[in-house]
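Computed from a predicted model, the values in this text were never measured in an experiment. Proteins get letters first, then strands, A, B, ... in listed order; numbering begins at 1 in each.
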2 protein chains.
Amino acid sequence: MQNSLASIILFHRKRSGLTQQKLAELAGVGKNLIYELENGKQSVRLENLLKVLRVLNIELDFHSPLRESFLRESPDAEC
Amino acid sequence: MQNSLASIILFHRKRSGLTQQKLAELAGVGKNLIYELENGKQSVRLENLLKVLRVLNIELDFHSPLRESFLRESPDAEC
DNA sequence: CGGATTTTCCCTTAAAACAGGGAGAAATCC
DNA sequence: GGATTTCTCCCTGTTTTAAGGGAAAATCCG
C-alpha cells in the first residue's frame, strides 16, 4: 500500500468481499496484477487498471484548470 | 481522437502550444506514445500516462459510491 | 492452538510496449 | 502556391509486462 490508487483498490476489494484471486478472475487479469496494483506498481497497462476499476465500480476522472473551458468548447465529449 | 482521455490530452497539449515531439520530451517518453495516447490507445503503461498528465497539469481522481466512506476511514490518505 | 484461506513474492515463457528512425500525408504559415 | 512544420504510421530491436504455477509467510477463524 504505497499510493492512493493502491489503497483505494484494496479498500474497495475488501469491501466487496473479494480475494485477489477472485477479483483477478472477474476483471479478466492475472492474480499477480492485483497484488501489484495494491502495492503501488505503476507500470501496469492502463487497460488492465481500467478492467479492475470497472469491477470495483470505481470511476476515473480528469481534472485541470483548463478542464472547464474544455467542456465549454467540446460539449459532446463523452465524459 | 477516440475517447475522452485522448481528446483531453490533445486539447491540453494544443492549449500549451506543444507539439507531440515537445510534449514527449518534457514527459520523458517517446513521440509515438503521445500519438498513441491521442488516438485512444489504452494499452499504454500507467506510468507513462501519468508522466504526460503531469506535464499537462491534468490530475486524475477516483470516484465511487464507497469513496466517501473510504475517506472517512482513512483520513490520512494522500488524495 | 491448529487448519484453511489468502497474500507475498519467486520463477518461466509468451506477448506487448517502448523508443527512435524514417518517409509520406496533412496541416500551417508566410 | 511553396516552404516549413507537424502528424501519421510504418519497421526494428530492446525492455517490460502479464499469466500462471508454486511455495513460504501471514492472516483468519473456529
Side-chain angles (χ1 to χ4, degrees), chain A residues 1-58 60 62 64 66 69-70 73-74 76-79, chain B residues 1-58 60 62 64 66 69-70 73-74 76-79:
Chain A
M1 186 156 65
Q2 294 164 18
N3 57 29
S4 63
L5 176 56
S7 46
I8 287 170
I9 290 176
L10 174 63
F11 176 80
H12 281 78
R13 177 175 64 80
K14 290 290 188 191
R15 273 302 183 93
S16 306
L18 297 170
T19 62
Q20 292 179 346
Q21 179 77 51
K22 199 76 190 157
L23 174 54
E25 285 166 18
L26 290 172
V29 301
K31 67 177 171 48
N32 289 329
L33 188 67
I34 305 297
Y35 169 73
E36 289 169 349
L37 276 174
E38 292 185 354
N39 284 275
K41 195 167 182 200
Q42 295 196 322
S43 53
V44 298
R45 281 196 292 171
L46 176 61
E47 193 179 9
N48 284 336
L49 170 61
L50 294 177
K51 285 183 191 169
V52 172
L53 296 184
R54 217 170 289 135
V55 171
L56 295 176
N57 203 23
I58 301 172
L60 208 57
F62 311 100
S64 86
L66 277 173
S69 54
F70 171 74
E73 294 183 25
S74 312
D76 298 331
E78 41 183 84
C79 0
Chain B
M1 185 155 64
Q2 293 164 17
N3 57 29
S4 63
L5 177 56
S7 47
I8 287 170
I9 290 176
L10 174 64
F11 176 80
H12 281 77
R13 178 175 64 80
K14 290 289 187 189
R15 274 301 182 93
S16 306
L18 298 170
T19 63
Q20 292 179 346
Q21 178 77 52
K22 198 74 189 162
L23 174 54
E25 286 167 17
L26 290 172
V29 300
K31 68 177 171 47
N32 289 330
L33 188 66
I34 305 297
Y35 169 73
E36 290 169 349
L37 276 173
E38 292 185 354
N39 283 276
K41 195 169 182 198
Q42 294 196 323
S43 53
V44 298
R45 282 196 294 172
L46 176 60
E47 192 179 10
N48 283 335
L49 170 61
L50 294 176
K51 285 184 192 170
V52 172
L53 295 184
R54 216 170 290 135
V55 171
L56 295 177
N57 203 25
I58 301 173
L60 212 56
F62 311 101
S64 86
L66 278 172
S69 54
F70 171 75
E73 293 182 25
S74 313
D76 298 331
E78 43 187 81
C79 1

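- Here C:dT7 presents its P atom at 18 Å from NZ of A:Lys41, a figure rounded to the nearest Å.
- Closest to the side chain of A:Leu33, from the set C:dA17, C:dC18, D:dA19, is D:dA19.
- Set against C:dT7, C:dA19, D:dC7, the side chain of A:Thr19 has C:dT7 as its closest nucleotide.
- Taking each heavy atom of A:Phe62 and B:Ile58 in turn, the nearest pair found is CB-CG2, 3.9 Å.
- One atom, CG of B:Leu49, and another, P of D:dT16, lie 19 Å apart when rounded to the nearest Å.
- For A:Glu36 and D:dT16, the CD to P distance is 14 Å, given to the nearest whole Å.
- Contact annotation: B:Asn48 does not reach the phosphate of C:dA17 (side-chain N/O to OP1 or OP2, under 4.0 Å).
- Of the candidate nucleotides C:dC18, D:dC9, D:dT17, D:dC9 has the atom nearest to the side chain of B:Tyr35.
- Residue A:Gly40 comes nearest to A:Ala6 through the heavy atom pair N-CB, 3.8 Å, listed as atom of the first residue, atom of the second, then distance.
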Indicate every side-chain donor-acceptor pair of residues 20-36 of chain B with a distance under 3.5 Å to a residue at least two apart or in another chain.
from, atom 1, to, atom 2, distance (Å)
B:Gln20, NE2, B:Glu38, OE1, 3.2
B:Gln21, NE2, B:Glu25, OE2, 3.3

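- Two residues, B:Arg45 and B:Lys31, neighbour DNA chain D, and the one matched to the more 5' nucleotide by heavy-atom proximity is B:Lys31.
- Spacing between atom CD of B:Gln42 and atom P of C:dA17 amounts to 12 Å, rounded to whole angstrom units.
- In this structure, A:Lys22 places its NZ atom 14 Å from P of C:dT5, rounding to the nearest Å.
- Listed nucleotides D:dT17, D:dG21, C:dA19 differ in distance to A:Asn32; the shortest reach to its side chain belongs to D:dG21.
- Looking at the side chain of B:Asn39, the nearest of the listed nucleotides D:dT17, D:dT8, D:dG20 is D:dT8.
- Rounded to an integer number of Å, the gap from A:Leu23 CG to C:dT8 C1' is 16 Å.
- B:Val44 approaches B:Lys41 most closely through the heavy-atom pair CG1-O, 3.9 Å.
- For B:Ser43 and C:dA16, the shortest distance from a side-chain N or O to OP1 or OP2 is not below 4.0 Å.
- For C:dT7, the OP1/OP2 oxygens have a side-chain nitrogen or oxygen of A:Lys14 closer than 4.0 Å.
- Minimum atom distance to the side chain of B:Gln20 is reached by D:dT8, of the listed D:dT8, D:dG21, C:dC18.
- If you measure from atom CG of B:Leu37 to atom P of C:dC18, you get 8 Å, rounded to the nearest angstrom.
- For the residue pair B:Leu46 and A:Gln42, the shortest heavy atom distance occurs at CB-O, 3.5 Å.
- Rounded to an integer number of Å, the gap from CZ of B:Arg13 to C1' of D:dT8 is 12 Å.
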